[in-house]
Protein chains: 2
Amino acid sequence: MDITQTAGAPAGDTALDCAEFSAVLERFVSAWRRFSVPGELSSTAAFTLGRLVRDGSSRLTELATLEHVSQPAMTQLVSRLEAQGLAERFSDPGDARVANVRVTTAGQALVERRRAARAARLTQLFSTLPPAQQAALAAALPALDALADASAR
Amino acid sequence: MDITQTAGAPAGDTALDCAEFSAVLERFVSAWRRFSVPGELSSTAAFTLGRLVRDGSSRLTELATLEHVSQPAMTQLVSRLEAQGLAERFSDPGDARVANVRVTTAGQALVERRRAARAARLTQLFSTLPPAQQAALAAALPALDALADASAR
DNA sequence: TATTGTTATACTCTATAACTATA
DNA sequence: TATAGTTATAGAGTATAACAATA
């Protein structure tokens, strides 16, 4: 880590920090829900498509597991995405039973458009923070990234 | 408006920071979805109940607006919560048309149980971070709080 | 006449169970 | 026989439109 060692946070604060941090996250997730465009994509569809862009193609069953929906639900979701031209199935060279799924160019463009809109909104909100808080947030970004990484598992 | 002159954070980094920060948030929200207990409460039910605990009682239409669902959907959701003993309607002294909604003791207990479970999980993840990142995160908590506050509006 | 909330109806998304195809 | 995925059917949650009650 290239972050300078800070000797200012006693270990005893950890539990309390996390309850408050969790409360902050709850409000972020709540705000996230409100920000999503209504008629465009279902919640699971948006996250599945985002995952395909982020992590590359994946097997249908793996997507179902990762998004915590049943296999039939993912079958239908992928079919919907395919009908919308946002994703497509492709066969596995080693196992004919497998349905691999990848995002299309149109799907990637949609994900990027949505991400850009969120980033723009966040940039706007960020700019209203006092400089010291902006700096604190920038310094915590690697930690947030590591934590999000750990959460995904 | 506060001063935009920053001594420590170059303005050129802001846009990039926010794109990355937004990506981090996307992964947090995705992980949040996976963590929620399946058969217990619907997503909107959980957020509505959490809001009632956090911000106190509210009018039905206001809840519908805040959660971005239609008025009939909120009517039915409140009825469901009422049937489960988690929330209850109460009349408005000044306007007989209004349906005010508040959380019950059981509803509050449920919300707190879920929050405690999330905080415990977060504490566990947090403990795996190196001390420098833990400190950076603790230092950024007020900024995250302010940002979540701004996001809610 | 406008506002607050409910009822009626239809649609989307999801789960479970039964099925097909491949290993 | 086990695994990957699909099809069949039913239920939960939501939206729009029409309605009732109060302001």
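Every chain is numbered from 1, with letters handed out A, B, ... down the list of sequences.
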| field | Residue A:A99, side-chain heavy atoms: nucleotide from C:dT22, D:dT14, D:dG5 that is nearest | value | D:dG5
| message | What is the distance, to the nearest angstrom, from the CZ atom on A:R97 to the C1' atom on C:dC19? | response | 16 Å
| said: Side-chain N or O of B:T75 versus OP1/OP2 of C:dT6: is the shortest distance under 4.0 Å? | reply: yes
| Once you round to the nearest 0.5 Å, how far does OG1 of B:T48 lie from CG of B:L86? | 11.5 Å
| request: Using only side-chain N and O atoms of A:R89, determine if any of them is under 4.0 Å from OP1 or OP2 of D:dA4. | output: no
| request: Round to a whole Å and report the spacing from CG of A:L81 to P of C:dT12. | output: 15 Å
| Can you tell me how far P of C:dT12 sits from CG of A:L77, to the nearest Å? | 14 Å
| message | Tell me the interatomic distance from A:E67, atom CD, to C:dC13, atom P, rounded to whole angstroms. | response | 15 Å
| Has B:R102 got its NZ or CZ under 6.0 Å from the middle of the six-membered ring of B:F90, at an angle within 45 degrees of the ring axis? | yes
| Mapping A:P72 and B:Q76 to their closest nucleotides on DNA chain C, which lands nearer the 5' end? | B:Q76
| query | Quick one: A:L41 CG to C:dT12 C1', roughly how many Å, whole number? | reply | 13 Å
| query | Just how far, in rounded Å, is P of D:dC19 from CD of B:Q71? | reply | 17 Å
| task | Could you grab the distance from atom CG of B:L63 to atom OG of B:S58, nearest 0.5 Å is fine? | result | 4.0 Å
| remark: Nearest-nucleotide check on DNA chain C, A:T44 vs A:D95; residue mapping nearer the 5' end is A:T44
| field | Validation row: B:L77, B:V69 side chains within 4.5 angstrom (heavy atoms) | value | no
| request: Can you tell me the distance, in whole Å, between the CD atom of B:Q84 and the P atom of D:dG13? | output: 8 Å
| Atom-to-atom span, CZ of A:F47 to C1' of C:dT14 - whole angstrom | 17 Å
| message | Check the orientation of B:F21 and A:F28. Use parallel for under 30°, tilted for 30 to 60°, and perpendicular for over 60°. | response | perpendicular
| remark: Checking D:dA4, D:dG13, C:dC13 against the side chain of B:R80 (C-beta onward), the nearest is D:dG13
| B:R59 side chain N/O closer than 4.0 Å to the phosphate oxygens (OP1, OP2) of C:dT4? | yes
